[in-house]
Amino acid sequence: MTIPQQRTVRDIAADRLPALLRAMPKAELHIHIEGSLEPELIFALAQRNGVAIPYASVEDLRAAYAFTNLQTFLDIYYAGASVLLKEQDFYDMAWAYLERAAADNVVRTEMFFDPQTHTERGVAMQTVMDGLHRACVDAKARLGVDAELILCFLRHLSEEDAFATLEQALPFRDRFIGVGLDSSELGHPPEKFARVFARCRELGFHLVAHAGEEGPPAYVWSALDVLKVERIDHGVQSTKDAALMKRLAQDRIPLTVCPLSNLKLCVFPDLGQHNLRALLDGGLVATVNSDDPAYFGGYMNQNFTETFAATGLTAQHAWQLAANSFEGSFVDAAAKRAYVDRLNSAFDAFA
Ligand SMILES: [Zn+2]
């Protein structure tokens, strides 16, 4: 892997830090596109498609977003996705996110999607793929955002179901760059999906998995050693295991950390106690991401500004997190260098 050059960044006053965080180019590596579905769009799509939803208003729905753990969120997240039926619905959802990403100076995004959430309801794989892919193509042309897709298997379902999903997706294999693993973590360890990940590896897909969000460090170990993933999504429980921290640092395995998600799902009691700084201090390739921004109260820049305000991270950390996002992305070495050059230019212009 190419490691972007290091850079020592001059300190800037705390009151100017939010502007720098917003202005710097960055990659988003952990965004569930179904988690970008805002309540307003849920209501609009419900009406367009004649789907009944058990909430009287947008305010009513938003009021239900009081989560105590991952599962309480997932129950509402899957219900929200039930309004997605047509190709245009998937396009509209992805386009709304991509416009928000562009506004946050996200120049590269690798978006998760959960096909089983849709095929289970009778939506064709092709419908999902067509809508999301068309939004990615338009994002490059009209927003200058380089957008790719990563297909996630739902870990609360069986490996057999994951294999069937992979089969359905293979006619569209040029439209997604990798596979991931999401949904209910506890009780569904990575090794449950050992064979389907081995197959995806043979097929040449990039591999990632959620691990160590709520689950123990053992799940991060098995994501690495059994599934052979290239990145860990979340991974914040890794600080509980010194040997694991060493492994992640030595192998430069990126962690796609999602601070506002961790706050909303009660992984940390408050943002001031988030361990992002400890991950960076441990030499890990940690990144900042939004996860499910419509549900967790913030897109990329809000994740950056709120976390920096709560934890006292500095301009040096800002540079490192953005550089890490490009290092951790699935672009080639020349593109990584070009992105880090853009990052350096943004810092020069800011000084
Ligand atoms: Zn996630």
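Order of listing sets the numbers, starting from 1, for every ligand and every atom in it.
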Check your understanding: Side chains of E306 and Q302: is there a donor and an acceptor less than 3.5 Å apart?
Key ->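 The answer is yes; a qualifying pair exists.
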
Review point. Ring centroid separation for Y295 and F73, is it under 6.0 angstrom?
Key: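 Yes, they do, as the ring centres are separated by less than 6.0 Å.
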
Is the cationic atom of [X] (NZ for Lys, CZ for Arg) positioned less than 6.0 Å from the six-membered ring centroid of [Y] and within 45 degrees of its normal?
X    : Y    : result
R121 : Y78  : no
K26  : F304 : yes
R173 : F205 : yes

Review point. Which protein N, O or S atoms lie under 2.8 Å from the Zn ion (ligand 1), given by chain and residue number?
Key: H30 NE2, H32 NE2, H210 NE2, D291 OD1

Check your understanding: Between R62 and E40, is there a salt bridge with N-O shorter than 4.0 Å?
Key -> yes

